[in-house]
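All of these numbers come straight from a predicted model, not from anything done at the bench. Excluded from the calculations below are hydrogen atoms, water molecules and symmetry mates; all remaining heavy atoms, backbone and side chain alike, are included. Letters go in sequence order (proteins before strands), and every chain restarts at 1.
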Number of protein chains: 2
Amino acid sequence: MPLSLNTKYLEDFISKGEYGLISNEIKRVHKLLHHKTGVGSEFTGWLNLPSCYNKEEFIQIKETANKIKNMCDILVVIGIGGSYLGARAVIEAINSQNYNNMPKDTPDIYFIGNSISTDSICDLLKICEDKDICVNIISKSGTTTEPSIAFRVFRNLLESKYGREYNKRIFCTTDRSKGTLKEISDKEGYETFVIPDDVGGRYSVLTAVGLLPIAVSGISIDKLMLGAQKAELDFSVDEIDKNDCYKYAAIRNMLYKKGKEIEILATYEPKMSMFGEWYKQLFGESEGKDKKGIFPSSVTFSTDLHSMGQFIQDGSRNLFETVIYIESNKQEITLDKLSQDIDGLNFLAGKNISYINKKAFEGTLLAHTDGGVPNIVILIPEMNEFELGYLIYFFEKACAISAYILGVNPFNQPGVESYKKNMFALLGKPGYESEFEALSKRLK
Amino acid sequence: MPLSLNTKYLEDFISKGEYGLISNEIKRVHKLLHHKTGVGSEFTGWLNLPSCYNKEEFIQIKETANKIKNMCDILVVIGIGGSYLGARAVIEAINSQNYNNMPKDTPDIYFIGNSISTDSICDLLKICEDKDICVNIISKSGTTTEPSIAFRVFRNLLESKYGREYNKRIFCTTDRSKGTLKEISDKEGYETFVIPDDVGGRYSVLTAVGLLPIAVSGISIDKLMLGAQKAELDFSVDEIDKNDCYKYAAIRNMLYKKGKEIEILATYEPKMSMFGEWYKQLFGESEGKDKKGIFPSSVTFSTDLHSMGQFIQDGSRNLFETVIYIESNKQEITLDKLSQDIDGLNFLAGKNISYINKKAFEGTLLAHTDGGVPNIVILIPEMNEFELGYLIYFFEKACAISAYILGVNPFNQPGVESYKKNMFALLGKPGYESEFEALSKRLK
């Protein structure tokens with residue numbers, strides 16, 4: 001039984017009739033997406049990916065993951081944006097937020113090449129000392145600044161550690177046929193995996209981009225894909241009443257029109273905090289354009305009830321929450337009765353900690369709605385590969401539908417070029433000479 | 001030379017005259033704070049803390065930190081909200097975001113008791129297997145649910161590992177004289193440290209709350225305090241032109257009045273990301289009340305230029321950025337020239353990575369202001385204990401001043417009680433019987 005959407009806590013904010021009023025709009029944008037007639041339709045390869053992925057490459061991913069597991073203590077994953085967020089989110093959600101520190105028989109996995117921080121790179125070089133490492137470089141073009149810098153550093157490290165055999169420890173996830181990374185891979189003999197042409201970075205977690213590092217961490221990518229496949233089927237009908245994914249997209253837009261400009265994705269498990277980062281890229285990059293868009297934010301509860309909780313309860317009323325609650329845990333801890341009730345918790349003796357977490361969730365739900373914050377609730381029976389695959393597809397499709405309702409291209413990111421263009425000019429990159437002077441002057 | 005505030009990139013958003021218009025308001029709220037005549041003045045002990053802290057306890061903290069270093073492989077820090085955010089932010093900013101994984105001669109430090117997640121606790125129990133551990137429990141009352149649950153679990157672990165001597169491995173940071181944690185500490189012989197009565201949780205990083213775990217990680221708390229002390233002095237004048245801290249507070253409020261409802265704290269170092277979490281609690285909990293307040297958010301660049309970057313560049317125009325840029329690194333990596341320019345980066349050969357990071361910062365600054373996003377810039381010459389102590393005090397005082405300008409009590413958090421009250425009722429806590437039924441009914 002996969003996730004369910006609970007709209008009960010929206011009743012004070014959205015009337016029943018409003019759902020009916022948006023149903024035709026939903027049908028319209030469903031067509032845009034499925035008939036590939038909307039803007040950006042060249043990047044909708046993710047839509048049928050769970051049922052139509054490349055089965056041969058999938059087997060290769062699993063085999064290579066096993067090889068990597070046996071070859072190294074540390075897998076260094078080099079990539080930025082969609083080339084690291086999805087994999088990291090899945091690895092933490094399924095394994096642990098402390099994956100690298102847990103006792104395990106799979107390699108540690110570090111993500112680098114997602115910033116231009118010298119300290120980050122130097123720290124990881126120290127961690128890699130005296131360790132066997134492999135590198136998975138993920139870049140469509142092979143020329144994105146951040147991963148390219150890190151790849152130069154870690155390729156050097158591999159050469160100095162392993163000499164001529166260093167190429168057997170590099171795994172490239174890149175374009176099928178073109179780009180510099182593909183060229184060098186073929187020339188130097190790196191094993192390669194494909195970033196499909198019709199899947200953008202933020203939608204790429206279920207391609208080799210995400211799947212290879214995920215598989216190395218011991219997670220069943222078969223089950224992950226099965227979950228996504230079930231979601232692909234479940235969320236293919238165009239009726240809002242029968243499609244929780246579309247309903248969620250519709251609700252977001254209704255709330256946005258009512259002045260709710262910030263969405264807070266809340267979970268009750270720290271291991272889901274990277275999933276929040278993945279969600280922020282997905283929605284922020286898809287919807288934040290043309291001076292529009294819901295600002296995506298994320299919190300972990302009850303942790304952040306002691307941080308952002310005050311604001312959510314009683315600050316500016318321009319926000320709504322989407323709460324993911326996982327209903328059961330694999331492990332349980334029962335509270336003992338203490339001879340002296342020093343902390344006043346003896347009334348909970350015999351109860352599981354997860355029971356207390358659930359009451360925190362329920363109590364917060366009522367408190368925040370009483371405070372004027374609409375709460376969308378997504379209930380997940382348990383956290384495993386199947387459920388997570390389902391959840392990923394739920395958000396991917398909801399995001400596309402939501403962006404189409406908003407009236408923007410869900411699949412481009414023209415604004416990301418602005419900083420790059422300026423950075424290249426300021427770095428004196430050939431071809432940017434004319435901008436260099438104008439920009440330098442403004443910085444004085 | 002400590003931090004400097006650069007307001008050059010605000011010129012299109014705030015006219016010079018506006019600073020003059022707010023200068024009297026600044027003088028007014030300065031008095032509220034310094035004469036302790038404003039609301040919440042009973043919690044302004046942090047104001048003179050850097051110059052007036054308890055020197056005896058400070059020595060005890062350093063001695064005990066050394067003892068803990070020699071006693072254990074892992075220090076488990078139990079606390080929620082201000083009782084973990086400050087320490088974790090400082091440890092990561094000064095040492096490394098990967099502190100626990102770095103080769104070092106100080107203990108690993110794990111923060112727990114900041115959620116009600118069974119998985120988090122179970123994971124840490126596994127990590128602690130076969131390791132020597134100490135526990136630092138931080139709670140004013142000793143009855144906050146999250147840390148109390150974790151303390152029950154880890155006290156059990158200590159007892160099972162060390163028998164009668166377990167009490168020598170527990171360090172309590174709590175009220176000076178009252179509360180259940182103080183009682184049990186005295187009875188069982190735990191060493192204790194004091195949470196001052198006049199310092200609230202989110203302002204407590206420079207008390208024993210933060211200082212003990214920080215010192216265990218090998219950081220010089222002397223230098224940290226010296227930096228804060230310098231800031232206390234520098235930011236004590238009530239003239240906006242001579243006080244960057246007050247100027248920052250004033251700018252935030254001017255932008256808020258112009259419809260900028262979201263502040264994004266941006267840094268260019270992943271090790272500063274927990275500092276962003278600390279900042280979010282500080283400002284969110286201080287200002288987010290009475291249906292008012294700037295929504296605090298944080299990003300790490302260039303990482304999140306490939307996530308939230310699109311939204312910031314071109315989405316809803318209801319936001320501004322406060323950018324912390326650290327101008328030099330202790331370590332440097334120089335890019336080599338490759339025989340084949342596979343990634344197109346050979347034009348950067350001979351340049352340091354930190355130079356490239358700086359150009360990313362400058363390029364982004366211009367791109368985002370061109371996109372209509374006001375950018376407040378805080379330049380820090382380098383990251384070390386002194387500079388960080390200075391920065392912490394800068395934000396603490398700016399937050400108090402900013403909240404007073406906004407017209408709210410900077411030091412209370414009445415909204416945090418709402419979820420707790422509901423949770424207790426739903427858990428069947430004695431004394432909450434009347435609420436139980438009403439709440440349960442609403443959940444059906």
Heaviest contributor of heavy-atom pairs below 4.5 Å to chain B, chosen from A/Q281, A/K289, A/R152, A/Q413, is A/R152

| task | Give a yes or no on this: more than 12 heavy atoms of other residues, nucleotides or ligands lie within 6.0 Å of atom NZ of A/K8. | result | yes

If you tally heavy-atom pairs under 4.5 Å between each of A/A360, A/G371, A/G142, A/G344 and chain B, the highest tally belongs to A/A360

Checked B/K280, B/Q340, B/K292, B/E261 vs chain A; the most non-hydrogen pairs under 4.5 Å come from B/K292

Ranking A/G113, A/G309, A/C122, A/S286 by heavy-atom pairs under 4.5 Å to chain B gives rank one to A/C122

Cut-off 4.5 Å, heavy atoms of chain B, and the answer for A/F295 is both

_Please verify the inter-ring angle class for B/Y432 with B/F424; under 30° counts as parallel, over 60° as perpendicular, anything in between as tilted._
tilted

So, the part of A/S139 with a heavy atom under 4.5 Å from chain B: the answer is neither

The interface call for A/Y256 against chain B, heavy-atom contacts under 4.5 Å, is side chain

Applying a strict 4.5 Å limit to non-hydrogen atoms, the region of A/S297 in contact with chain B is side chain

Residues B/S115 and A/S302: closest non-hydrogen pair is CA-OG, 3.8 Å

Residue from A/D341, A/T300, A/D336 scoring the most non-hydrogen pairs under 4.5 Å with chain B is A/D336

Cut-off 4.5 Å, heavy atoms of chain B, and the answer for A/V408 is neither

If one checks every heavy atom of A/N346 against chain B at 4.5 Å, the contacting part turns out to be both

- request: For A/S440 and A/L426, indicate whether the former's side chain and the latter's backbone hold a donor-acceptor pair under 3.5 Å.
  value: no

Turns out that what part of A/K421 lies under 4.5 Å from chain B's heavy atoms comes down to neither

Note: vs chain A, highest number of non-hydrogen pairs under 4.5 angstrom among B/Y84, B/F311, B/Y355 is B/F311

Assert top hit (heavy-atom pairs under 4.5 Å, partner chain A, pool B/G82, B/S316, B/G415, B/S117) equals B/S316

Applying a strict 4.5 Å limit to non-hydrogen atoms, the region of A/L348 in contact with chain B is side chain

Honestly, the part of A/T334 sitting under 4.5 Å from a heavy atom of chain B is neither

Answer key: most heavy-atom pairs under 4.5 Å with chain B among A/I312, A/I184, A/I326 is A/I184

Whatever's closer than 4.5 Å to a heavy atom in chain A on B/I74 counts as neither

So, the part of A/M102 with a heavy atom under 4.5 Å from chain B: the answer is both

Comparing A/P414, A/S120, A/S83, A/G201 against chain B, the one with the most heavy-atom pairs below 4.5 Å turns out to be A/P414

N-O pairing of A/E129 and A/K126 below 4.0 Å | no

Cut-off 4.5 Å, heavy atoms of chain B, and the answer for A/E417 is neither

Heaviest contributor of heavy-atom pairs below 4.5 Å to chain A, chosen from B/D108, B/N114, B/T118, is B/T118

Max heavy-atom pairs within cutoff under 4.5 Å with chain A, candidates B/N100, B/I262, B/N318, goes to B/I262

Between B/Y419 and A/H306, what is the ring plane arrangement, given parallel below 30°, perpendicular above 60°, and tilted in between? perpendicular

One option among B/E146, B/Q97, B/R317 has the most heavy-atom pairs under 4.5 Å with chain A, and it is B/E146

The interface call for A/L181 against chain B, heavy-atom contacts under 4.5 Å, is neither

The interface call for B/K187 against chain A, heavy-atom contacts under 4.5 Å, is side chain

Under 4.5 Å to a heavy atom of chain B? For A/Y9 that would be side chain

Salt bridge present between B/D370 and A/R442 (N-O < 4.0 angstrom): yes

Margin query: If we count only N and O atoms by modelled type, under 3.5 Å, do the side chains of A/N98 and B/Y110 hold a donor and an acceptor together?
Written below: no

